[in-house]
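Working notes, beginning with the structure itself.
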Amino acid sequence: MSDTEKILEKALSGVPMPPSFDNVEDERQHRKQRLAAAFRLFGKFGFEEGVAGHITVRDPELTDHFWVNPFGMSFKHIRVRDLILVNHRGEVVEGGLPVNDAAFAIHSQVHQARPDVIAACHSHSTYGRALSTLGDMLEPISQDACAFYRDHGLFDDYTGVVTDLEEGKRIAAALGGHKAVILRNHGLLTVGDTVDAAAWWFITMERSCQVQLLAKAAGQPVPIDPDSAALTYRQVGSGLAGWIQFQPLYRQITREQPDLFD
C-alpha cells in the first residue's frame, strides 16, 4: 500500500461508504432520490438558465435508459415523481412530460460511450460559461482544482444548440475517459459513477472556474507544481472522494426541502 493510500484509508476510517442494494427497485429509488436532490442543489446554487440544463442517471435494470428532468420544469421544483425515464431512442417510457432534445442528444451519447458512467450533469452555470468562452481549461492553481488535473477535456467548437446525435457523439469523444469536459462557449459537463460524484464534480468545477477567473483578474496565479498537483489529484479526485464530498450537501438539501422525496 502506498503512502497516499494509507493516508486515504486513515482519513476514511469510520466514514459511511456508498450503499449496496439487494434489488434493482431499491437501487432505482435511491438513484432517483439522489437525482432529485442534485436538481434542488443546482437550483439553490443558481445553475439553471431558463429551460437549459439537465442531469441524468442510468437506470440500474434498463441500462440503456436514463432518468432525467422533464423539459421546462424548474430545478427548484423537481420531485422524485417528476423524473422521466427515456430510452435509447429518445422516447419517454415513464412520466407524462417531454424530454429536452438537447438532454437526449448529449446524455444518450455520453452514456453510450461510457458504460462506467452512472450519472452526467450539464448546465449553463455562470462561471463555467465564462471560462468556456476563453477556450481555456482549468489550471492547477488550487487544491480543489487539482481534482481535475489531467482529468478533463475541452470540446473546442460551438455550432449552436445541441440537438443532433452526431454533436452528442463529438462531445462524448471530447470527454473521453475523463470526469469532465468544458464545452467552449457553452458550459460544463461532468460525469461520475454515482449521482453524488457527478453532481459534486459539477459544483466544485463551477467554483474552480470562478476562482481561476478571479485569480487571473487580480494578477498572475502561482501554479501548483506537477508532482504536487498529481498527488493532490490522487487524494481528492477519485469517485469515492466525490461521493463523500456530496454527502453534507445531500443532508442539507433533504433537511431543508424534504418535499423533493414526494
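Just so it is clear, the structure is predicted and the values come from calculations on it, not from any experiment.
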Check your understanding: Does Arg170 reach the side chain of Phe155, with side-chain heavy atoms less than 4.5 Å apart?
Key -> yes
Check your understanding: Closest approach of Val191 and Ala120, non-hydrogen atoms and distance?
Key -> CG1-CB, 3.9 Å
Practice item. State, yes or no, whether a side-chain contact exists between Leu214 and Tyr127 at a heavy-atom distance under 4.5 Å. Key: no
**Study point:** Spacing of CZ belonging to Arg184 relative to OG1 belonging to Thr159, to within rounding of 0.5 Å
**Key:** 9.5 Å
Review point. Donor-acceptor pair, Gln212 side chain versus Met137 backbone, under 3.5 Å?
Key: yes
Point to revise | Leu83/Glu94 under side-chain contact (heavy atoms from CB on, under 4.5 Å): CA gap, chis, key distance, verdict | key: CA-CA 8 Å; Leu83 300 170; Glu94 188 170 329; over 6 Å; no
Exercise for review: Identify whether the distance between the nearest side-chain nitrogen and carboxylate oxygen of Asp259 and Arg79 falls below 4.0 Å.
Suggested key: no
Practice item. May I ask you to decide if Ala198's main-chain N or O and Thr190's side chain share a donor-acceptor pair within less than 3.5 Å? Key: yes
Review point. Does the Lys76 side chain pair with the main chain of Phe42, one donor and one acceptor, at a distance under 3.5 Å?
Key: no
Point to revise | ILVMFWY cluster, Ile224 and Val236 together (side-chain gap under 4.5 Å) | key: no
Review point. Side chain of Arg114, backbone of His178: donor and acceptor closer than 3.5 Å?
Key: yes
Check your understanding: Within 45 degrees of the axis of the six-membered ring of Tyr250 and under 6.0 Å from its centre: does Arg34 put its NZ or CZ there?
Key -> yes
Point to revise | Point-to-point distance, once rounded to the nearest 0.5 Å, from CD1 of Ile253 to CZ of Phe39 | key: 13.5 Å
Practice item. Test Glu27 against His30 for side-chain contact (heavy atoms from CB on, under 4.5 Å), laying out the working first. Key: CA-CA 5 Å; Glu27 186 169 10; His30 174 81; 5.5 Å; no
Practice item. Look up atom CD1 in Ile182 and atom CG in Asp136, then write down how far apart they are to the nearest 0.5 Å. Key: 8.0 Å
Check your understanding: Between the side chain of Ser132 and the main-chain N/O of His186, is any donor-acceptor distance below 3.5 Å?
Key -> yes
**Study point:** Residues Phe45, Arg207; criterion side-chain contact (heavy atoms from CB on, under 4.5 Å); working and verdict
**Key:** CA-CA 11 Å; Phe45 295 151; Arg207 291 171 173 171; 3.8 Å; yes
Study note, to complete from the structure: Value for CD (Glu206) from SG (Cys121), rounded to nearest 0.5 Å, stands at 12.5 Å
Point to revise | Within 45° cone of Tyr149 ring axis and under 6.0 Å: Arg234 NZ or CZ | key: no
**Study point:** Centroid separation His54 to His122 less than 6.0 Å
**Key:** yes
Point to revise | Check: Ser74 and Glu48 side chains under 4.5 Å, non-hydrogen atoms | key: yes
Practice item. Measure the spacing between CD of Gln257 and CG of Leu41 and express it to the nearest 0.5 Å. Key: 8.0 Å
Review point. Applying the 4.5 Å side-chain criterion to the ILVMFWY set and letting contacts propagate, would Leu183 and Val51 be lumped into a single cluster?
Key: no
Exercise for review: Check whether any side-chain heavy atom of Ile203 sits under 4.5 Å from a side-chain heavy atom of Leu249, and report yes or no.
Suggested key: yes
**Study point:** Nearest heavy-atom neighbours spanning Arg58 and Arg31
**Key:** O-NH1, 2.6 Å
Review point. What's the shortest heavy-atom distance between Pro140 and Ala229, and which atoms?
Key: CB-CB, 4.0 Å
Check your understanding: Checking Gln220 side chain against Lys216 main chain: does a donor-acceptor pair fall under 3.5 Å?
Key -> no
Check your understanding: Tell me, do Phe66 and Asn87 make a side-chain contact under 4.5 Å, heavy atoms counted?
Key -> no
Review point. Would you say Val68 and His107 make side-chain contact, with heavy atoms under 4.5 Å?
Key: no
Practice item. State whether the side chain of Thr254 and the backbone N or O of Arg251 hold a donor-acceptor pair below 3.5 Å, judged by distance alone. Key: yes
Check your understanding: For the hydrophobic clusters of this structure (ILVMFWY residues joined by side-chain heavy atoms under 4.5 Å, transitively), does one cluster hold both Phe75 and Val195?
Key -> yes
Practice item. Name the orientation class of the two ring planes belonging to Phe148 and His152 (parallel below 30°, tilted from 30 to 60°, perpendicular beyond 60°). Key: perpendicular
Check your understanding: With Ser208, which of Asp144, Leu131, Leu213, Ile141 fulfils side-chain contact (heavy atoms from CB on, under 4.5 Å)?
Key -> Asp144
Exercise for review: Using the rule that two of Ile, Leu, Val, Met, Phe, Trp, Tyr join whenever any of their side-chain heavy atoms come within less than 4.5 Å, decide whether Leu175 and Trp200 are in one cluster.
Suggested key: no
Exercise for review: Output yes when a side-chain donor or acceptor of Ser123 lies under 3.5 Å from a complementary backbone atom of Ser125, and no otherwise.
Suggested key: no
**Study point:** Stepwise salt bridge (charged side-chain N to carboxylate O under 4.0 Å, His left out) check, Arg81 with Asp262
**Key:** CA-CA 6 Å; Arg81 67 182 180 186; Asp262 292 349; 5.4 Å; no
Check your understanding: Between Phe202 and Leu189, is any pair of side-chain heavy atoms under 4.5 Å apart?
Key -> no
Check your understanding: What about Phe261 and Phe246, same hydrophobic cluster or not, with Ile/Leu/Val/Met/Phe/Trp/Tyr joined at side-chain heavy-atom distances under 4.5 Å?
Key -> yes
**Study point:** Check ion pair Lys44-Glu256 (N to O, under 4.0 angstrom)
**Key:** yes
Revision key, fill the gap. Smallest heavy-atom separation, Asn185 atom then Thr133 atom, equals ND2-CA, 3.9 Å
Review point. Of all residues at least two apart in sequence or in a different chain, which pass the side chain to side chain donor-acceptor pair (under 3.5 Å) check with His88?
Key: Asp64
Exercise for review: Check the surroundings of atom CD in Gln143: do more than 12 heavy atoms from other residues, nucleotides or ligands lie under 6.0 Å from it?
Suggested key: no
Exercise for review: Specify the closest pair of heavy atoms between Ile55 and Asn69, including all atoms of both residues, with the distance to one decimal.
Suggested key: N-OD1, 3.6 Å
Point to revise | Contact check, side chains of Trp67 and Arg28, non-hydrogen atoms, under 4.5 Å | key: yes
Point to revise | Separation between CG of Asp82 and CG of Leu97, rounded to the nearest 0.5 Å | key: 7.5 Å
Practice item. Looking only at non-hydrogen atoms, find the nearest pair between Gly95 and Ile84 and report the distance. Key: CA-CG2, 4.0 Å
